[in-house]
Amino acid sequence: QVQLAESGGGLVQAGGSLRLSCAASGRTFSSYAMAWFLPAPGKERELVVTIDWSGGSTYYADSVKGRFTISRENAKNTVYLQMNSLKPEDTAVYYCAASQLRIATRSEPAYHYWGQGTQVTVST
């Protein structure tokens, strides 16, 4: 069992930056792919970005390419999302997720563990 706890959300002006963190419990963190998702009512959650177990492979949604960067520190059981050049449309609850697959996968059903989410609000 893996438990995930997000932090780092908050209120920021457009153009600003935030860094989200997701701390995981358990000794097998380094074998999981990790991702950040957005809610999509009535549909599967929307992938923002995913990273494989080693940190060597990533995938970004087009909407965040060039602005967001995902990274991980396996020694600290933590994955990060650096969010730059934030826009009002980035406002959402961001969910951290872990997949027992080692590869970076875009499929929401592949993620077995979820955090409670952290709110990001970008004002104009």
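Since we're looking at a predicted model, the values are computed, not measured.
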- Message: Would Y32 and S99 count as a side chain to side chain contact (heavy atoms under 4.5 Å, CB included) here? Give the steps.
- Response: CA-CA 5 Å; Y32 289 93; S99 172; 5.5 Å; no
- Message: Checking Y60 against T69 for the side chain to side chain contact (heavy atoms under 4.5 Å, CB included) test, could you report, in this order, the C-alpha distance in whole Å, the side-chain angles of both residues, the deciding distance, and whether it holds?
- Response: CA-CA 9 Å; Y60 293 86; T69 303; 3.8 Å; yes
- Using atom types as modelled and distance alone, determine if a side-chain donor or acceptor of R19 lies under 3.5 Å from a backbone N or O of Q82. no
- If we only count heavy atoms from C-beta on, is the L86 to F68 side-chain gap below 4.5 Å? yes
- Query: Counting distance only, does the side-chain N/O of T50 pair as donor-acceptor with the main-chain N or O of M34 below 3.5 Å?
  - Reply: yes
- Message: A side-chain contact here means heavy atoms from C-beta on lying under 4.5 Å apart; do F37 and E108 qualify?
- Response: yes
- Message: Centre-to-centre under 6.0 Å for W53 and F29, is that the case here?
- Response: no
- Of all heavy-atom pairs linking G8 and L18, the shortest is O-CD2, 3.8 Å
- Any side-chain heavy-atom pair from T118 and V93 closer than 4.5 angstrom? no
- Just by modelled atom types, is the V122 backbone N or O under 3.5 Å from a matching donor or acceptor in the T91 side chain? yes
- Going through the checks in order, is the side chain to side chain contact (heavy atoms under 4.5 Å, CB included) test met by W36 and L47? CA-CA 6 Å; W36 293 91; L47 178 71; over 6 Å; no
- Donor-acceptor pair between Q119 and Y94 side chains, under 3.5 angstrom: no
- Establish, from distance only, whether the side-chain atoms of T105 and Y111 form a donor-acceptor pair under 3.5 Å. no
- Is Q13 atom CD crowded by more than 12 heavy atoms from other residues, nucleotides or ligands, each under 6.0 Å away? no
- Item | Nearest heavy-atom neighbours spanning A14 and P88 | CB-CD, 4.1 Å
- Task: Output, in order, the C-alpha distance, side-chain angles, deciding distance and verdict of side chain to side chain contact (heavy atoms under 4.5 Å, CB included) for R106 and Y59.
- Result: CA-CA 8 Å; R106 307 177 197 179; Y59 172 83; 3.4 Å; yes
- Looking at K87 and D90, does any basic side-chain N land under 4.0 Å from a carboxylate oxygen? no
- Query: Atom CD1 in I103, atom OG in S54: separation rounded to 0.5 Å?
  - Reply: 12.0 Å
- Item | Verdict with supporting geometry, Q116 and Y95, side-chain hydrogen bond (donor to acceptor under 3.5 Å, both in side chains) | CA-CA 7 Å; Q116 294 299 307; Y95 292 91; over 6 Å; no
- Query: Less than 4.5 Å apart, any side-chain heavy atom of M83 and any of L20?
  - Reply: yes
- Task: Quick one: pull up CG in D52 and OG in S31 and give me the separation to the nearest 0.5 Å.
- Result: 11.5 Å
- Query: Which heavy atom in I70 sits nearest to a heavy atom in V49, and how many Å separate them?
  - Reply: CG2-CG2, 3.4 Å
- Can you name the nearest heavy-atom pair linking R72 to A33, along with the distance? NH1-CA, 4.1 Å
- Using the side chain to side chain contact (heavy atoms under 4.5 Å, CB included) rule, pick out the option among L4, N77, L81 that qualifies with C22. L4
- Would you mind reporting whether Q100 and Y113 have side-chain heavy atoms less than 4.5 Å apart? yes
- Message: For K76, is there any backbone N or O sitting under 3.5 Å from a side-chain donor or acceptor partner on T78?
- Response: yes
- Query: Between R45 (side chain) and P41 (backbone), is there a donor-acceptor pair under 3.5 Å?
  - Reply: no
- So which heavy atom on S17 is nearest to which on S85, and how close? OG-N, 4.4 Å
- Message: Can a donor-acceptor pair be found, under 3.5 Å and without considering hydrogens, that links the side chain of E6 to the backbone of C96?
- Response: yes
- Message: I want to check something: taking the side chain as every heavy atom from C-beta on, are S123 and L11 in contact at a cut-off of under 4.5 Å?
- Response: yes
- Search all heavy atoms of V64 against all heavy atoms of V48 and return the closest pair with its distance. CG2-O, 3.7 Å
